[in-house]
Amino acid sequence: MDIRISSDFLTGLLFCGLGAIAIIIGSDYPIGTAARMGAGYFPLLVSSGLILLGGVLIVRSSLTETQEVGAIDIRPLALLIGSILLFGLLIEDWGFPVAGLAVVIGARIAGRQYKPLETILLAVGLVGFCLVLFSYGLGLHLPATHLW
Amino acid sequence: MELFNELLLGFSVALTPANLFYGFLGVLLGTVIGVLPGLGPVATISILLPVTFALPAPAALIMLAGIYYGAQYGGSTTAILVNLPGESSSVVTAIDGYQMARKGQAGLALATAALCSFIAGTLATLVIAVAAPALAEVALDFGPADYFSLMLFGLVAAVILAHGSIVKAVGMILVGILLGTIGIDANTSLERYTFGVPAFGDGIDFAVIAMGMFGIGETISNLEQKEGGRSFVKEVRGLWPSWADIKRFLGPALRGTALGGCLGLLPGGGPVLASFSTYALEKKLSKKPGEFGHGALEGVAGPEAANNAAAQTAFIPMLTLGLPSSAVMALMIGALMMQGLSPGPQLMNQRPDLFWGLIASMWLGNLMLVVLNLPLIGIWVKLLSVPYRMLYPAIMLFCCIGVYSINNNALDVVLAAVFGGFGYMMKRLHCEPAPLLLGFILGPMIEETLRRALLISHGDPMVFVERPISLSFLVLTFLLLIVLVAPMIRMTRERAFEEGAD
């Protein structure tokens, strides 16, 4: 995916968006006075600053020529994030061995030169190693590792 | 002789078999992750943080500190042999170190790097031992307004070191501060930005953000780039430098230590800035500046001493003020807090064993690192041949385990994945993750000190300029801002001039 938009412009948009969201969600928080600040005082201050900076970036990107974002490779991005999400979803119900295999295999598919056999061996080896090291060696409580 | 007694206490703590073992484990792990690209000290310390909970406080800190400065040694090994800096602070070492290795002087380059790091480490340890107690004494007088101004100064200093756009770096700091407000407000016990999720009540754990943005985000960008064939120098001969070599690198090593030691004190400063400035200094001082870039011994000695000295002195603000100057120091503070200790000027009096034990262990750790890095260099060369495609799935698995074990909460893993995506996106937008993390760490402290300072002064903002300590930090901040803006004005003007000439 090739994005031919100025990276400064997009960053500015993002900063403004984040600032605005923070102000909207935080609009219920009491502001108080400088001497007795409410919960909303400081976040409002920071979000306003963020919007201001976002504005500067947007204006600047229209005045001077800035770098474009360029090509984005979707495959590693989506697959890597996906495999970590999968780990998060699997860990509690299916236990560490299943979740661990999922994240290693998923991560390996995300990269180049994917070889099924090598991936399976790597996944089993790594999960076994982590079981011994973290669960038995260091005593971390990972789900479904003390069934046997 | 007080210092002597205190150091003696330190060594008596650091030399117990258990602490020696944890110190060794730390520097060994540090060397490994320094050699391996893609896994830095931030991610490693985050992963091991939950594990250290079971250890006594001195052992935990000794091990984590070992990882940090061990990584500086390991990073230079890869820089010299493969031209691939394992850590960002060894980027400069790669310039001349790799050229030396290609000329068959790999052994000399490695020995210079290790010995200069050792010299710097020894001197910096002494500096900490002398300066930290004095600073802690001063820090006891710090009020909320002073802390606020100090942190403001730290954040501005951090901006200088961020690569690229200043506006973006400040923006990232603000995003970090905003993320830091998530959770129950300590003063009014109102929930902020929790979306009704109980787990958000305590805020997001910073290890989640660190691992997401550094570990996962960096891996995604690494995968985008093609894995180039790495050619590296496999044979390392002539490890021991001659007397002439030692005389040649002693000067740069001492200058690097001095400069690096000062820069390490700056919040957000640390090893990267130190190594770059020392390289520039040595090039200026050299009688043969043409040699730099083609295998100058001074170009390895100076920066290596500087980055190690800076890595050590970065502990001073953390230990005396409770202020983290970098992501790693923030993790150290996290480790202290998990042990039920509050970092700050009182730490030294409350737990002298911990304080002096840590300092003594740094010197011992540096000694171990020389042994680890010189005679055992063959092992690290072998480790370098592990291909990245085998390495990064392991890094991902370690990250997942690390994030999950912080609170045994699967939601943290999901959050880390989200921050991984966010980190990648910001990287593509040329925004650095480091300022965000610094803002996130300092944010809650900034809010707290701002509130307290204004509460005491009944809302009068003059409190920040009336107190001398606070005022001096504000003046420093102002000066830094001018320095920051000045080259920008110059650059824009230069660009305008260029366009005008066309």
Side-chain angles (χ1 to χ4, degrees), chain A residues 7-8 10-11 14-15 18-19 22 25-26 29-30 33-39 42-43 46-47 49-50 53-54 56-57 60 67 69-70 72-73 76-77 80-81 83-85 87-89 91-92 96 99-100 103-104 107-108 110-113 122-123 126-127 130 134 138-142, chain B residues 50-51 54 165 167-168 170-171 174-175 177-178 181 185 187-188 190 192-193 216 219-220 223-224 226-227 388-390 392-394 396-401 404-405 408 410-414 416-418 420-421 424 426 428-431 443 446-447 450-451 454-455 457-461 495:
Chain A
S7 81
D8 276 18
L10 276 183
T11 314
L14 185 82
F15 284 172
L18 283 174
I25 298 176
Y29 307 152
T33 63
R36 288 204 170 274
M37 285 184 203
F42 189 68
V46 177
S47 342
L50 198 56
L53 286 176
V56 169
L57 281 173
R60 207 173 65 177
Q67 249 177 316
V69 178
I72 285 179
D73 201 347
L77 177 65
L80 210 59
I81 303 255
S83 61
I84 290 162
L85 284 176
F87 181 93
L89 295 178
I91 180 89
E92 268 166 7
F96 170 71
V103 72
V104 176
R108 193 60 193 81
R112 288 187 185 81
Q113 303 167 309
L122 181 72
L126 276 176
V127 171
C130 287
F134 290 107
L138 296 169
L140 287 187
H141 293 288
L142 298 167
Chain B
V51 177
S165 164
V167 182
K168 283 181 181 175
V170 179
L174 292 184
V175 174
I177 295 179
L178 263 185
T181 60
D185 174 29
N187 289 40
T188 58
L190 193 86
R192 292 193 291 193
Y193 307 111
I216 301 169
T219 306
I220 299 173
L223 285 183
E224 257 193 357
K226 286 203 172 68
E227 195 175 347
Y388 189 65
R389 64 171 200 281
M390 312 287 271
Y392 78 83
M396 288 300 99
L397 183 61
F398 292 157
C399 277
C400 284
I401 295 174
Y404 179 74
S405 8
N408 281 340
L411 183 68
D412 282 342
V413 182
V414 175
V418 172
Y424 168 76
M426 294 324 282
R428 290 311 304 266
L429 292 175
H430 308 287
C431 293
I446 289 182
E447 178 175 13
L450 178 70
R451 274 181 166 181
L454 287 177
L455 184 70
S457 76
H458 304 288
D460 182 8
R495 206 176 295 146

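A note on names: the letters A, B, ... follow the listed sequences, proteins ahead of strands, and every chain is numbered from 1.
Residues Leu223(B) and Gly111(A) approach most closely at CD2-CA, 4.1 Å, considering heavy atoms. When all heavy atoms of Leu454(B) and Ala34(A) are compared, the closest pair comes out as CB-O, 3.4 Å. When every heavy atom of Gly171(B) is checked against every heavy atom of Leu50(A), the shortest pair comes out as O-CD1, 3.4 Å. Heavy atoms only, all atoms of each residue included: Leu174(B) and Val46(A) are closest at O-CG1, 3.5 Å. Minimum heavy-atom separation, His430(B) to Ser7(A): CD2-OG, 3.4 Å.
Rounded to the nearest 0.5 Å, atoms CZ (Arg36(A)) and OG1 (Thr188(B)) are 12.0 Å apart. If you take CD1 on Ile91(A) and CD1 on Ile401(B), they are separated by 8.0 Å, rounding to the nearest 0.5 Å.
Between chain A and the options Met426(B), Met396(B), Lys168(B), the largest number of non-hydrogen pairs under 4.5 Å is found for Lys168(B). Counting heavy-atom pairs under 4.5 Å between each of Ile25(A), Leu57(A), Val103(A), Leu80(A) and chain B puts Leu80(A) at the top. Most heavy-atom pairs under 4.5 Å with chain B: of the set Gly38(A), Ala99(A), Pro43(A), this distinction falls to Pro43(A). Between chain B and the options Leu10(A), Leu126(A), Leu18(A), Leu14(A), the largest number of non-hydrogen pairs under 4.5 Å is found for Leu126(A). Ranked by heavy-atom pairs under 4.5 Å with chain B, the list Val127(A), Leu77(A), Leu89(A) is led by Leu77(A). With respect to chain A, the highest number of heavy-atom pairs below 4.5 Å among Thr181(B), Ile216(B), Leu178(B) belongs to Leu178(B). Note: Ala39(A) leads Gly49(A), Gly88(A), Ala39(A) in heavy-atom pairs under 4.5 Å with chain B.
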* To do: Dump the intermediate steps for side chain to side chain contact (heavy atoms under 4.5 Å, CB included) on Asp8(A) and Val167(B), then the final yes or no.
  => CA-CA 10 Å; Asp8(A) 276 18; Val167(B) 182; over 6 Å; no

* Please walk me through it: do Tyr404(B) and Phe87(A) pass side chain to side chain contact (heavy atoms under 4.5 Å, CB included)? -> CA-CA 10 Å; Tyr404(B) 179 74; Phe87(A) 181 93; 4.3 Å; yes

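Looking at Tyr193(B), both its backbone and its side chain come within 4.5 Å of chain A, counting heavy atoms on both sides. Interface remark: Leu397(B) contributes backbone and side-chain atoms alike to the contact with chain A (heavy atom separation under 4.5 Å). For Asn187(B), no part lies near chain A; criterion is any non-hydrogen pair under 4.5 Å. For Cys400(B), the parts lying under 4.5 angstrom from a heavy atom of chain A are both the backbone and the side chain. Looking at Ile81(A), both its backbone and its side chain come within 4.5 Å of chain B, counting heavy atoms on both sides. Both the backbone and the side chain of Val104(A) come within contact range of chain B, with heavy atoms under 4.5 Å apart. Contact annotation for Thr33(A): neither backbone nor side-chain heavy atoms come within less than 4.5 Å of a heavy atom of chain B. With a 4.5 Å cut-off on non-hydrogen atoms, Leu450(B) touches chain A through its backbone and its side chain both.
Listed by chain and number, the residues in a salt bridge (charged side-chain N to carboxylate O under 4.0 Å, His left out) with Arg192(B) are Asp185(B), Glu447(B) (sequence neighbours excluded). With sequence neighbours excluded, the residues that form a side-chain hydrogen bond (donor to acceptor under 3.5 Å, both in side chains) with Tyr424(B) are Glu224(B), Arg428(B).
Using a 4.5 Å heavy-atom cutoff, the side chains of Pro393(B) and Leu122(A) are in contact. Counting heavy atoms from C-beta outward, Ile84(A) and Cys399(B) have side chains that stay 4.5 Å or more apart.
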